[in-house]
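To start, the structure under review is shown below, and the notes come after it.
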Amino acid sequence: MKPTLLIIDDEPAIRTLLESFLEERYACVSAGNAAEARAAIAEQYFNVVLSDIDLGGETGTELVPSIIEASPETAVVMISGNRDLDDAIASIRAGAFDYVKKPFELDFLEMAVDRALQHNQLLRSKRQYETELEHLLKKRTDQVTYLSLHDSVTGLPNSVRFRETLARELETEPSGAMIGVMLITIEGYRKLQETFGHATASDALKEIGRRLVECVNPRSTVARIDGEEFAVLIPGIRDRDELAEIADRALCHIREPLFIEEDEVFLSASIGMSIAPTDSNDAAKLIENASSALLNAREQGGDRSQFYMNGMNRAARRRLSIENGLRRALDRNEMRVVYQPKAECQTGKIVGMEALVRWENDEFGPISPAEFVPIAESTGAIVQIGEWVLDQAAEFGGDLTDLGFDLLVSVNLSERQLREAGFHHMVMDILAENELPAERLDLEITESLLMTDREIAVQALSELRMQGINISIDDFGTGYSSLGRLKSLPLDTLKIDRTFITDVTTDPNSASLVLALVTLAHNLGLKVIAEGVETEEQLKFLKLIRCDEYQGYLLSKPVPRSDFLELVKRCSSGSAGNSTAVHLCLAA
Ligand code: C2E
Ligand code: CA
Ligand code: CA
């Protein structure tokens, strides 16, 4: 294909001459005036335009800008007579590439046209390059936009996109229609990640994403919003029941085993749900509500779904503040330990004490350990707090020994602490530092501590027990353990839960249950202690059935060190012997 050339001259003879000279190398078109030239340019593309400056009517110079505008890469060469040299310069200014003076040598003219062609080619490749660059840029921008709105592991929309989509749906959903929002946490994912590594964990997430997409209709959006958290937006639902059904389906799908290497791995999920417009019409609020409901579902043990209910946010906010407060509680000296005595039922003699942690904070005032200990357990703060309590109690135990009171020091132990590497050493170090013999320490554990990874827990407890440390099972009767299962555990003492003691004197069922517990525990060689003893009648009953020890408000509430010291001193001076004497000295 020859390059194209437009020759503009008002003299037919010159047009013919130029054409015949250049047509071997160029596909030539001729125009006799500006109008014809414009028509030709509108018709086809020219690489080069060769134009006389003096066209009779409109000048070639005037024509140049319109050529450049119509076809920016076309290279224009002007032909000028001697007297219109100024015009030639003007035409260069207007955008022409070059000019040749009349009279010209044909070879010289050809060289000028060739140079113009090269220029034209240069411009064209520059333009092509720019277009490619633009294209590339657009592609990259699209990619970045995609990445900023999608999760790279699962390819699902991310939280930004999810929020956007939810806001849009809320605006466009016809009034009366409901939109469901679900937040889903995958339980067991962290463990899977630790066991099988990141690559496998990512595959598992992809699979979970696929399963979730299968559970919902095509109008829904499934997003991965964080580590092991997914969110689902379901427009056009009829009622709550429909959303609950979808959640059940999702839970079922997630429970189905994953096949990893040779193993079957089981995951489960918790789901929090909120509904527009019932709960809110605001995207952020709906997500916050679903998140509170999710927290609630997890607190109930997980593997379930939960709708948002009024007031949940307040509870969730309080929980969050407690979590934050706990991180600083020890540094700020906000915690202290109180001690509750334990006495022998038959003699009333104080033989031990339970250390119970207390927390008082500017924001909340005093907070019950029943509220903050479970939170500290879930965040891991209990590890540090528990160590501190143990240290305080051991120190106090040591002081009491120096004063002549060899009491058993009981400390509550959380599962998280037991699983901490180095726990055993930490305990032994604290005992050594405070010069408290291992035989004087008692660790109170609950049955739930033995629920997960039972073997590891049993192993750790056995080691502690081998050192001489006493192990008690706390709150007995509230969990799942049967007495039969206790046989295989490294235990010394069984603590009967308060709820049974409360009714022993009024409810024959409780009475016979407690009797059975005491007898069977004795058969297993365990010491039995009753907690929550508040009345003389309860104590009388416990004596009757030969329960070993008791603890409760009847004897004393948990009290600070100094009060406790007063208490043991008073009770030991002379009158120790029966429980009535103890109460008398408390009353004094
Ligand atoms: P727990 O180990 O079962 O402790 C006994 C609870 O019953 C204590 O509540 C105690 O004050 C209360 N109590 C004692 N005698 C009576 C009574 O006669 N009547 C009634 N109604 N209650 C009585 P507290 O101190 O509020 O502790 C609650 C729970 O918090 C404890 O239950 C224990 O599970 C946990 N906890 C407390 N301190 C610690 C700690 O240092 N570490 C760990 N891991 N948990 C702790
Ligand atoms: Ca306890
Ligand atoms: Ca208890």
Side-chain angles (χ1 to χ4, degrees), residues 322 326 329-330 334-343 350 352-360 366-397 408-420 423 427 430 441-449 470-479 481 491-505 517 528-539 542 549-560 563-564 567 579 582-583 586:
I322 290 181
L326 275 171
L330 281 180
E334 292 171 348
M335 296 227 165
R336 51 195 187 93
V337 180
V338 289
Y339 301 88
Q340 186 176 35
K342 296 180 179 181
I350 294 177
M353 60 179 184
E354 177 176 2
L356 292 157
V357 68
R358 292 289 174 265
W359 180 29
E360 187 162 352
I367 312 163
S368 162
E371 181 175 10
F372 74 79
V373 167
I375 298 175
E377 282 171 344
S378 74
T379 65
I382 194 68
V383 172
Q384 215 197 350
I385 295 170
E387 180 175 344
W388 179 80
V389 172
L390 179 65
D391 188 52
Q392 293 284 308
E395 185 190 69
F396 187 39
L408 188 68
V409 180
S410 297
V411 174
N412 292 286
L413 179 65
S414 293
E415 183 188 351
R416 268 302 275 271
Q417 293 173 267
L418 190 66
R419 296 192 192 292
E420 196 69 8
F423 175 73
V427 174
I430 286 182
L441 179 66
D442 169 51
L443 295 175
E444 295 192 2
I445 61 165
T446 56
E447 295 162 72
S448 61
L449 185 142
N470 197 95
I471 308 289
S472 296
I473 188 143
D474 203 355
D475 304 339
F476 191 80
T478 57
S481 291
L491 289 180
D492 302 280
T493 310
L494 186 144
K495 247 183 132 168
I496 303 175
D497 190 68
R498 192 166 73 217
T499 48
F500 299 105
I501 306 302
T502 311
D503 321 319
V504 276
T505 51
L517 279 180
V528 186
I529 172 161
E531 69 175 7
V533 179
E534 295 182 354
T535 66
E536 282 297 345
E537 288 72 37
Q538 289 165 351
L539 178 61
L542 292 169
E549 292 172 13
Y550 78 102
Q551 177 183 356
Y553 293 168
L554 177 66
L555 180 56
S556 167
K557 289 199 166 182
V559 290
D563 294 2
F564 189 88
L567 185 73
S579 63
V582 175
H583 307 313
L586 274 176

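Read the numbers this way: they start at 1 and go in the same order the structure lists the ligands and their atoms. Since the model is a prediction, treat every value here as computed from it, not as a measurement. Side chains are part of it too, since the values below use all heavy atoms of this structure and drop only hydrogens, waters and symmetry mates.
- Contact record, P341 with L555: O-CD2, 3.6 Å, taken as the closest heavy-atom pair.
- Of all the listed residues (R498, Q340, E377), R498 holds the heavy atom that lies closest to atom 6 (C) of ligand 1.
- Residue-level check: among N/O/S atoms of D474, OD2 sits closest to the Ca ion (ligand 2).
- Within a 6.0 Å sphere centred on CD of E334, heavy atoms belonging to other residues, nucleotides or ligands number more than 12.
- At a threshold of 3.0 Å, the Ca ion (ligand 2) has no backbone or side-chain N, O or S atom of D475 nearer than that distance.
- Taken from CZ in F423 to CG in L418, the straight-line distance is 6.0 Å, to the nearest 0.5 Å.
- Where the criterion is an N or O separation shorter than 3.5 Å, residue side chain and backbone included, D475 meets it with respect to ligand 1.
- Between L413 and ligand 1, no N or O atom pair is found at a separation short of 3.5 Å.
- Closest to the Ca ion (ligand 2) among the N, O or S atoms of E444 is OE1.
- For atom 21 (N) of ligand 1, the candidate residues are E371, E534, Q417; the nearest heavy-atom contact is made by E534.
- The pair E447-K495 does not count as a salt bridge, with every side-chain nitrogen at least 4.0 angstrom from each carboxylate oxygen.
- Under 4.0 angstrom from ligand 1, there are no non-hydrogen atoms of V411.
- Proximity of V389 to ligand 1, defined as any heavy-atom pair under 4.0 Å, is confined to the side chain (atoms from C-beta onward).
- With a 4.0 Å cut-off on non-hydrogen atoms, L356 touches ligand 1 through its backbone as well as its side chain.
- In this structure, CD in E387 is found 12.0 Å from CD1 in I382, a value given to the nearest 0.5 Å.
- For Q417 against G386, the heavy-atom pair with the smallest separation is NE2-CA, 3.3 Å.
- Distance screen at 4.0 Å: atom 42 (N) of ligand 1 has a protein heavy-atom neighbour inside the cut-off.
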Is there a side chain to side chain contact (heavy atoms under 4.5 Å, CB included) between E531 and D497? Walk through the geometry before answering. CA-CA 6 Å; E531 69 175 7; D497 190 68; 3.3 Å; yes
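- Atom 44 (N) of ligand 1 has its closest protein heavy atom at S414 OG, 2.9 Å.
- In this structure, the protein non-hydrogen atom closest to atom 26 (O) of ligand 1 is P369 CG, 3.4 Å.
- Protein heavy atom at the shortest distance from atom 40 (C) of ligand 1 is V357 CG1, 3.8 Å.
- Among the backbone and side-chain atoms of S410, none of the N, O or S atoms lies under 3.0 Å from the Ca ion (ligand 2).
- Under the 4.0 angstrom criterion, atom 34 (O) of ligand 1 counts as lacking any protein heavy-atom contact.
- When all heavy atoms of V389 and A355 are compared, the closest pair comes out as CG1-CB, 4.2 Å.
- Per-residue contacts place E531 under 4.0 angstrom from the following atoms of ligand 1 (heavy atoms of the residue considered): 3 (O).
- Near E354, with a cut-off below 4.0 Å to any heavy atom, the atoms of ligand 1 are 2 (O), 4 (O).
- Using the six-membered ring where Trp is involved, Y339 and F396 have ring planes that are tilted, between 30° and 60° apart.
- The N, O or S atom of E354 with the smallest distance to the Ca ion (ligand 2) is OE2.
- The side-chain contact (heavy atoms from CB on, under 4.5 Å) test with I473 is passed by exactly one of T446, L491, D492: L491.
- The side chain of D474, and not its backbone, has at least one atom closer than 4.0 Å to an atom of ligand 1 (non-hydrogen atoms only; side chain from C-beta on).
- Atom-to-atom distance recorded for S556:OG and M353:CE is 12.5 Å, nearest 0.5 angstrom.
- The shortest side-chain heavy-atom distance between L494 and I529 does not fall under the 4.5 Å cut-off.
- With a 4.0 Å cut-off on non-hydrogen atoms, Q551 does not touch ligand 1 at all.
- Minimum heavy-atom separation, S414 to E377: OG-OE2, 2.6 Å.
- For the side-chain contact (heavy atoms from CB on, under 4.5 Å) test with S410, the passing option among L443, D442, L356 is D442; the others fail.
- Within the 4.0 Å cut-off (strictly below), no protein heavy atom is located near atom 9 (O) of ligand 1.
- Counting backbone and side-chain atoms alike, E531 contributes no N/O/S atom closer than 3.0 Å to the Ca ion (ligand 2).
- From the protein, the heavy atom lying nearest to atom 16 (C) of ligand 1 is Y553 CE2, 3.2 Å.
- Closest non-hydrogen pair, Y553 versus P558, comes out as CE2-CD, 4.2 Å.
- Residue K495 places every heavy atom at 4.0 Å or more from ligand 1.
- Those atoms of ligand 1 with a heavy atom of P558 less than 4.0 angstrom away are 11 (O).
- Each of the atoms 18 (O) of ligand 1 lies under 4.0 Å from some heavy atom of V533.
- Residue K557 does not touch ligand 1, judged by heavy-atom distances below 4.0 Å.
- Residue-ligand proximity: G386 is placed with every non-hydrogen atom at 4.0 Å or more from ligand 1.
- Across every non-hydrogen atom of R416 and G380, the tightest pair is NH2-CA, 3.3 Å.
- When each of I430, N470, V411 is paired with L441, the side-chain contact (heavy atoms from CB on, under 4.5 Å) condition holds for V411 and for no other.
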